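What you see is a predicted model; the values in this text were computed from it and never measured. What you see below is based on every heavy atom in this structure, not just the backbone, and it leaves out hydrogens, waters and symmetry mates. Quick note on labels: first sequence line is chain A, next is B, and so on, each numbered from 1.
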Amino acid sequence: MALRFFNSLTRRVEDFVPLTAGEARLYTCGPTVYNFAHIGNFRAYLFEDLLRRTLEYAGLRVIQVMNLTDVDDKTIRGARQAGVPLADYTRTYKEAFFEDLRTLAIEPAEHYPAATDHIPEMIALVRTLIDKGFANVADDGSVYFSIARFPRYGQLVNLRREQMRPTERVRSDEYVKDAAADFALWKAYSEEDGAVFWDSPWGRGRPGWHIECSAMSMRYLGRTFDIHTGGIDNMFPHHENEIAQSEAANGCRFVNYWLHCAHLMVDGEKMAKSAGNFYTLRDLIGRGGNGREIRWVLLGTHYRQPLNFSFQACRDAKAALQRLDDFVVRLREAQARSGPSDAAVAGLIADAESGFRAGLDDDLNISEALGALFNFVRDANRLLDAGGLVGEGATAALAALARIDRVLGVIEPGRQDDVPPGVAARARERQEARKARDFKRADAIREALRLDGWLIEDTPGGQRLKRL
RNA sequence: GGCGCGGUAGCCAAGUGGUAAGGCAGAGGUCUGCAAAACCUUCAUCCACCGGUUCGAAUCCGGUCCGCGCCUCCA
C-alpha cells in the first residue's frame, strides 16, 4: 500500500511519490533558540519524527534538514537582556534542545543548519531576487520581497490580500514597503541589534526570518524537494513567504508536499509562549513525567487534530506503556521455552504488522496503527496464556515488535531493571517464605518492597520484579 | 470581514455511505495461598442539534448551536 499524506497545498490526501525513487527529502522547521522549547513545539518535532520514521519503515532513505533559527528579534532581544553575545545566548538553548530531543527519543536529522552559519547563502539568494526584479532595496538598506510581482502569493493559505484584516502590527509598521504584506528579506541594522550584524551589498544588517529556510533547504536538499513540514501556525506567513522567495528565485517548484500539524492545546486553548500557558519538557519531568510517556501522549493523537494536553493523559500513557513492557517481558520469558507454537502465530504477526503499516501509510493514522498493535498484544497474550507461543514463535513476535517500535520508539524490550542486591536478597527471602508457606512473612516482604518501588509478581516460572 | 479545524462512551481517540477499532478508568469472572499480570464477559440501539438525499448516514447535502485556530512573533 502506498504512503498517502494530506498535502496542505492541495488540501487533499495524495499518494506520496518522491522525486527520486527510494528517497525522501524533508525539511522540517526547527526551533528559534531563544528559550527552552515547550511541549507544543515538541508536538511538531514528534510529528516530524513519526513522519521520518514512517518513511524509513516504508523503506525510504530519508534526508532530513531541521533548521535552528539563531538570529531574529527574539534571540537578539534575549541576548541583550542577558548581556551576553548572541552566540553564547543561543548556544544554551541549542544544547537544551538537543538534550530534549534525546529525552523524547527523536531520531536525529541529517542536518541541523544554523541560520548564522549560512548568511552568505542568504545574501546570494536575496541578490538573485533583486536581480530578477522580485525584491526592492529600501532607502534604509532593508530589502523587501514584493508580493505584487508574485501572483501565486497566497496559494498555501487561501488568502486574498484585499480581504485580510489589517492588524495593529501592519498599521504601525514603520518600514518603507510597497505593500503592507511585503516582507523583509534583509533587515537594515538598527541600534537595538547591538553587535549583531553582517555586511551585505546593501549595508550592515541581518537576514529576515523567512529567507533562512529558503537558502538552507536549497543548499541541503536542492531547489525542489519532497516534503516540508511545520506547525499550522507557520503556514502563514512563514511558509507562504518561503514559497514566494524560493519559486521566484529558482523559477521552479519549491516543495511537492506540505504537511502541517495542529496545535497542542492546554485547557482548550493553544499553548504558546506568548500566551504564557505552556509547559517545557523540563517542567513535566520535574513533575514526575518521563520522556517516553510524554512521547506517547504527544504522538497518540493524529497530527492534524488539535491535542488537548492533560496530566490525566500522562497517567494513561504510563499504564498503556506498562502493558506493552509487560508483554515484551512475557515474550522474552516464553522465548526461553522450547516447543511448538500455535499455527496461528505467523498470521497474528503478519496482521499486526500489516495493520500497523496500513494505519501509518494512511496519512500517519497513528490511532489505527496502535489499534493493530494492541489487538496483537491481546491475541498474543491469549496464546501465551495457553502456552501456544514459545521459542521461535516468541522470537518472531519480538522481532515484529522491534520493527514496530522502530517507528514508535517507546517500547523498551532491552530493559533489564537492574535489581539492587538488597532488593534481590529480600525477594529471595520472600521466595523461601512462600515455599515454607509462611504467607504472612512473604506478604510483609512484598509490601515492604512495594514501598521501596518494586513490585513482585508470582508467575508459574517464579518471581518477577518490576520497578514501579 | 476572509480563510480553516473540530464537536463520537467517565476520560482519550479511530472510523467519512453498509450498520460504532483501540487505550485508560469501571463492573463481574478465570487464574493465584492472597495479590499482580494476563485472559474472558460487560461498559455508546448510538456518533452536538434540526431538516434533506439514499434501500441504508456518525459518515453526503442544507441549516442551527457550541469550541478552537490563522489573517505578518508563533511548532
Please work out if A:His260 contacts a base, only the sugar-phosphate, or nothing of the nucleic acid, heavy-atom cut-off 4.0 Å. nothing

Within the 4.0 Å heavy-atom criterion, would you say A:Arg430 contacts the bases, only the backbone, or no part of the nucleic acid? base

Presence of A:Lys440 side-chain N/O under 4.0 Å of B:G33 phosphate oxygens OP1/OP2: no

Rounded to the nearest Å, what distance is computed from the CD atom of residue A:Glu368 to the P atom of nucleotide B:C12? 22 Å

With a sphere of 6.0 Å drawn around CZ of A:Arg11, does it hold more than 12 non-hydrogen atoms of other residues, nucleotides or ligands? yes

Value in whole Å for how far the P atom of B:A25 lies from CD of A:Gln322: 11 Å

Taking the minimum atom-to-atom distance to the side chain of A:Pro306, which one of B:C5, B:C70, B:C34 wins? B:C5

Without decimals, in angstroms, what is the distance between A:Asp233 CG and B:C71 C1'? 13 Å

Close side-chain approach of A:Asn7 and A:Trp258, heavy atoms under 4.5 Å: yes

Less than 4.0 angstrom from a charged side-chain N to a carboxylate O is my criterion; do A:Glu432 and A:Arg441 meet it? no

Length of the CG-C1' vector between A:Asp362 and B:G22, whole Å: 16 Å

With a 4.0 Å limit, can you tell me whether A:Arg378 has a side-chain N or O closer than that to the phosphate oxygens OP1/OP2 of B:G22? yes

Between A:Asp325 and A:Lys466, does at least one N-O distance fall below 4.0 Å, as a salt bridge requires? no

Consider the side chain of A:Asp326, meaning its heavy atoms from C-beta on, and name the nucleotide among B:G33, B:A37, B:A13 that approaches it most closely. B:A37

Euclidean distance for C1', B:U30 against B:A57 (whole angstrom): 41 Å

Between B:A37 and B:U32, how far apart are the two C1' atoms, rounded to whole Å? 11 Å

Record whether the side chain of A:Arg446 comes under 3.5 Å of the base of B:A35 through a donor-acceptor pair of N or O atoms. yes

Could you tell me whether A:Phe145 and A:Tyr153 have their ring centroids closer than 6.0 angstrom? no

Need one value for A:Arg315: base, sugar-phosphate or nothing, where a base atom within 4.0 Å counts as base even if backbone is also close, heavy atoms only. nothing

For atom CZ of A:Phe236 and atom C1' of B:G2, their distance in whole Å: 12 Å

At 4.0 Å (heavy atoms only), tell me whether A:Ile456 reaches a base, stays on the sugar-phosphate, or touches nothing. base

How about A:Phe225 and A:Phe254: are their ring centres within less than 6.0 Å of each other? yes

In whole Å, measure the gap between the C1' atoms of B:C40 and B:C55 for me. 38 Å

Any chance the rings of A:Phe36 and A:Tyr93 have centres within less than 6.0 Å? yes

Check every strand shown and say whether A:Asp72 touches a base, only sugar-phosphate, or nothing at a heavy-atom separation below 4.0 Å. nothing

Categorize A:Gln305 for me: base, sugar-phosphate, or nothing, with a 4.0 angstrom heavy-atom threshold over every strand shown. sugar-phosphate

Is A:Ala313 touching bases, backbone alone, or none of the nucleic acid, heavy atoms closer than 4.0 Å? nothing

Base, sugar-phosphate or nothing for A:Phe374? Non-hydrogen atoms, less than 4.0 Å. sugar-phosphate

Is the base of B:G33 touched by the side chain of A:Asp443 through a donor-acceptor pair closer than 3.5 angstrom? yes

Out of B:A14, B:A36, B:C24, whichever nucleotide has its closest atom nearest the side chain of A:Asn365: B:A14

Consider the side chain of A:Asn381, meaning its heavy atoms from C-beta on, and name the nucleotide among B:G22, B:A38, B:G33 that approaches it most closely. B:A38

B:A58 versus B:G6 - spacing of their C1' atoms, nearest Å: 14 Å

Would you mind checking if A:Arg382 and A:Asp385 are paired as a salt bridge, meaning a charged N to carboxylate O distance below 4.0 Å? no

Could you state the CE-P distance from A:Met235 to B:G2, rounded to the nearest angstrom? 19 Å

Once you apply a heavy-atom cut-off of 4.0 Å, does A:Met271 come out as touching a base, just sugar-phosphate, or nothing? base

Using a 4.0 Å heavy-atom cut-off, does A:Leu373 contact any base of the nucleic acid, only the sugar-phosphate backbone, or nothing at all? nothing

Euclidean distance for C1', B:U59 against B:C47 (whole angstrom): 10 Å

Lys/Arg N to Asp/Glu carboxylate O, A:Asp443 vs A:Arg446, below 4.0 Å: yes

If you look at every strand shown and take non-hydrogen atoms under 4.0 Å, does A:Asn375 touch a base, only sugar-phosphate, or nothing? sugar-phosphate

Ignoring hydrogens and angles, are the base of B:C34 and the side chain of A:Asp458 linked by a donor-acceptor pair under 3.5 Å? yes

Whole-Å C1' distance, B:A9 and B:C3: 34 Å

Tell me the interatomic distance from A:Tyr303, atom OH, to B:C12, atom C1', rounded to whole angstroms. 20 Å

Figure out the CD/P separation between A:Glu457 and B:C34, and round it to whole Å. 16 Å

For A:Gly40, which contact category applies under a 4.0 Å heavy-atom criterion: base, sugar-phosphate, or nothing? base

Within the 6.0 Å centroid threshold, strictly below: A:Phe376 and A:Phe356: no

RNA chain B: 5'-proximal contact among A:Arg330 and A:Ala319 (nearest heavy atom): A:Ala319

Return one dot-bracket line describing RNA chain B 5' to 3' (Watson-Crick or G-U wobble pairs, both distances under 3.5 Å; ( ) same strand, [ ] crossing, | another strand, . none). ((((((((.[[[..)..(...]]].(((((.......))))).....[[[[[..)....]]]]])))))))....

Per side-chain contact (heavy atoms from CB on, under 4.5 Å), A:Met66 is matched among A:Glu48, A:His111, A:Glu110, A:Met216 by A:Glu48

Does any donor-acceptor pair link the side chain of A:Arg11 with the base of B:G4 at a separation under 3.5 Å? no

Side-chain N or O of A:Arg323 versus OP1/OP2 of B:C39: is the shortest distance under 4.0 Å? yes

With C1' as the reference atom in both, quote the distance from B:G18 to B:U54 in angstrom, rounded to an integer. 12 Å

Taking B:A13 as the reference, what is the distance to B:G1 when you measure between their C1' atoms (whole Å, please)? 35 Å

In terms of side-chain heavy atoms of A:Asp385, which of B:A37, B:C24, B:C39 is nearest? B:C39

